[in-house]
S.K.: 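Questions regarding the structure given below will be posed in turn.
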Protein chains: 2
Amino acid sequence: MVTKQFSGSAEDADLRRADSLAREIFSDVANKWALLIIEALGEGTLRFSELRSRVEGISHKMLTQNLRMLERNGLAERTVYPTVPPRVEYTLTEAGHGLRATVDGMCDWTYRYFRHIETARRRFEA
Amino acid sequence: MVTKQFSGSAEDADLRRADSLAREIFSDVANKWALLIIEALGEGTLRFSELRSRVEGISHKMLTQNLRMLERNGLAERTVYPTVPPRVEYTLTEAGHGLRATVDGMCDWTYRYFRHIETARRRFEA
DNA sequence: CAGTATCCTTTGTGATACTG
DNA sequence: CAGTATCACAAAGGATACTG
């Protein structure tokens with residue numbers, strides 16, 4: 001996805017399309033808020049307000065925006081219960097869970113290496 | 001990292017510090033360009049100009065900026081050969097390779113689900 | 001409660017020019 | 001070649017008010 005090396009042949013058209021789509025999806029998903037939301041939903045279904053308080057520091061707007069994006073890409077599912085007041089629940093789809101697994105890995109990595117990184121930073125400031 | 005639930009106890013101070021640092025690192029690293037650079041460096045050492053052409057669409061400025069950030073956090077190492085013209089090589093550290101493994105997973109995920117996502121998008125536009 | 005719309009500020013980004 | 005600095009612009013983000 002990073003490096004693109006295609007010849008001009010016809011069979012490559014499909015590969016090129018797949019690649020540019022993959023890159024587009026990657027760009028959508030590879031951002032802080034999206035990944036944190038996915039991580040939060042990994043534990044199970046959550047309401048909008050629950051998500052808002054679990055994802056530390058996210059604004060109302062960013063949450064809405066990213067949830068729409070996740071829904072659009074089929075990573076999260078939105079269920080509306082037509083009660084008063086309304087109740088809206090979000091849950092990960094199969095694709096969403098697939099991505100969550102990799103985000104879990106990223107979180108693990110963060111905890112495994114944060115001391116490492118702390119000292120690297122001190123070294124860098126010199 | 002997503003959800004923070006601490007009591008006021010003293011032993012939690014360390015956990016809270018670790019958590020906020022983890023979150024900070026996550027925020028640094030969870031962005032498109034950083035992840036694509038790490039993915040590119042996964043294949044081996046690359047020069048600045050090589051990286052620039054491998055990471056499709058990145059600007060000179062963003063590349064520099066992200067490389068500094070990766071260096072500061074100890075994920076990439078910068079080696080300068082004092083020749084004329086200068087030659088600068090970048091390579092992943094152990095921590096960097098650890099992260100790369102998870103990014104690989106993310107790329108794999110992208111290719112595994114892109115058809116899925118394509119149809120989800122069409123459904124969403126309705 | 002959940003969501004949209006608006007305004008406004010901050011940050012990200014690209015283009016360009018310049019230096020060792 | 002690699003890097004810094006600057007400028008101009010676009011996009012991200014936050015706060016607020018309003019609606020069903």
Side-chain angles (χ1 to χ4, degrees), chain A residues 2 23-38 40-41 44-73 75-92 124-126, chain B residues 2 23-38 40-41 44-73 75-92 124-126:
Chain A
V2 180
R23 176 61 175 275
E24 193 190 322
I25 294 165
F26 191 89
S27 297
D28 263 12
V29 144
N31 84 73
K32 189 175 77 166
W33 293 131
L35 297 183
L36 288 173
I37 290 170
I38 285 168
L41 286 176
T45 299
L46 289 173
R47 301 182 59 172
F48 184 87
S49 50
E50 291 170 334
L51 267 172
R52 181 133 154 67
S53 56
R54 293 220 185 190
V55 180
E56 182 82 10
I58 197 168
S59 70
H60 190 135
K61 185 181 176 178
M62 284 301 100
L63 182 54
T64 307
Q65 210 166 95
N66 280 278
L67 282 171
R68 287 297 157 275
M69 181 272 285
L70 293 176
E71 204 191 341
R72 179 173 111 87
N73 288 322
L75 307 192
E77 230 164 56
R78 179 169 175 270
T79 313
V80 183
Y81 298 94
T83 57
V84 173
R87 177 186 185 84
V88 182
E89 292 186 346
Y90 292 91
T91 187
L92 290 184
F124 187 81
E125 312 309 340
Chain B
V2 179
R23 176 61 176 277
E24 194 191 320
I25 294 164
F26 191 89
S27 298
D28 263 11
V29 144
N31 84 73
K32 187 174 80 166
W33 294 131
L35 297 183
L36 289 173
I37 290 170
I38 286 168
L41 286 177
T45 299
L46 290 173
R47 299 181 60 172
F48 184 88
S49 50
E50 291 170 335
L51 267 171
R52 181 132 155 67
S53 57
R54 294 220 183 188
V55 180
E56 182 83 12
I58 196 168
S59 69
H60 190 136
K61 185 181 176 180
M62 284 301 102
L63 181 54
T64 308
Q65 211 166 92
N66 279 279
L67 282 172
R68 287 297 158 277
M69 181 274 284
L70 293 176
E71 204 191 341
R72 178 174 111 89
N73 288 323
L75 307 191
E77 229 163 56
R78 180 169 174 270
T79 312
V80 183
Y81 299 94
T83 58
V84 172
R87 176 187 185 85
V88 181
E89 291 187 345
Y90 292 91
T91 186
L92 290 184
F124 187 81
E125 313 308 342

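Lettering of chains follows the sequences in order, A, B, ..., and the numbering in each one begins at 1.
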S.K.: Would you indicate, yes or no, if C:dA2 has its OP1 or OP2 atom less than 4.0 angstrom from a side-chain nitrogen or oxygen of A:R78?
M.R.: no
S.K.: Do any side-chain nitrogens or oxygens of A:Y90 fall under 4.0 Å of OP1 or OP2 in C:dG3?
M.R.: yes
S.K.: Mapping A:P85 and B:R87 onto DNA chain D by nearest heavy atom, which one lands closer to the 5' end?
M.R.: B:R87
S.K.: Is the shortest side-chain N/O distance from B:R47 to OP1 or OP2 of D:dA2 below 4.0 Å?
M.R.: yes
S.K.: Using atom CD of A:Q65 as one end and atom P of D:dG13 as the other, report the distance to the nearest whole Å.
M.R.: 7 Å
S.K.: Looking only at N and O atoms, is any donor in the side chain of B:H60 or the base of C:dG14 less than 3.5 Å from an acceptor on the other one?
M.R.: no
S.K.: Figure out the CE/C1' separation between A:M62 and C:dT6, and round it to whole Å.
M.R.: 14 Å
S.K.: Check the distance between D:dC1's P and B:E89's CD and give it to me in whole angstrom.
M.R.: 14 Å
S.K.: State, yes or no, whether a side-chain contact exists between A:E50 and A:E89 at a heavy-atom distance under 4.5 Å.
M.R.: no
S.K.: Which part of the nucleic acid does B:R68 contact within heavy-atom distance under 4.0 Å: base, sugar-phosphate only, or nothing?
M.R.: sugar-phosphate
S.K.: Less than 4.0 angstrom between a side-chain N/O of A:S49 and OP1 or OP2 of C:dA2, yes or no?
M.R.: yes
S.K.: Expressed as a whole number of angstroms, how long is the span from B:W33:CH2 to C:dT13:C1'?
M.R.: 10 Å
S.K.: Start at the 5' end of DNA chain C and walk down; is the nucleotide closest to A:V80 or to A:K61 reached first?
M.R.: A:V80
S.K.: Search all heavy atoms of A:A40 against all heavy atoms of A:L46 and return the closest pair with its distance.
M.R.: O-CD1, 3.7 Å
S.K.: Give the rounded distance in Å between these two atoms: CD of A:E50 and C1' of C:dA2.
M.R.: 13 Å
S.K.: Starting from C1' on C:dC1, measure out to CG on A:L46 and report it in whole angstrom.
M.R.: 15 Å
S.K.: Search all heavy atoms of A:P86 against all heavy atoms of A:R47 and return the closest pair with its distance.
M.R.: O-NH2, 3.7 Å
S.K.: Could you check how far CG of A:N31 sits from C1' of C:dT13, rounded to whole Å?
M.R.: 16 Å
S.K.: Near A:E71 CD, under 6.0 Å, is it more than 12 heavy atoms from other residues, nucleotides or ligands?
M.R.: yes
S.K.: Using whole Å, report how far CD1 of B:I37 lies from C1' of C:dT13.
M.R.: 14 Å
S.K.: Got a donor-acceptor contact below 3.5 angstrom from the A:R23 side chain to the B:E56 backbone?
M.R.: yes
S.K.: Under a 3.5 Å limit for both distances, which nucleotide forms a Watson-Crick or G-U wobble pair with C:dA15, could you say?
M.R.: D:dT6
S.K.: Between D:dT4, C:dT4, D:dA2, which one does the side chain of B:F48 approach most closely?
M.R.: D:dA2
S.K.: Distance check: side-chain N/O of A:R52 vs OP1/OP2 of C:dA2, anything under 4.0 Å?
M.R.: no
S.K.: For D:dG20, what is the paired nucleotide under Watson-Crick or G-U wobble rules, both distances under 3.5 Å?
M.R.: C:dC1
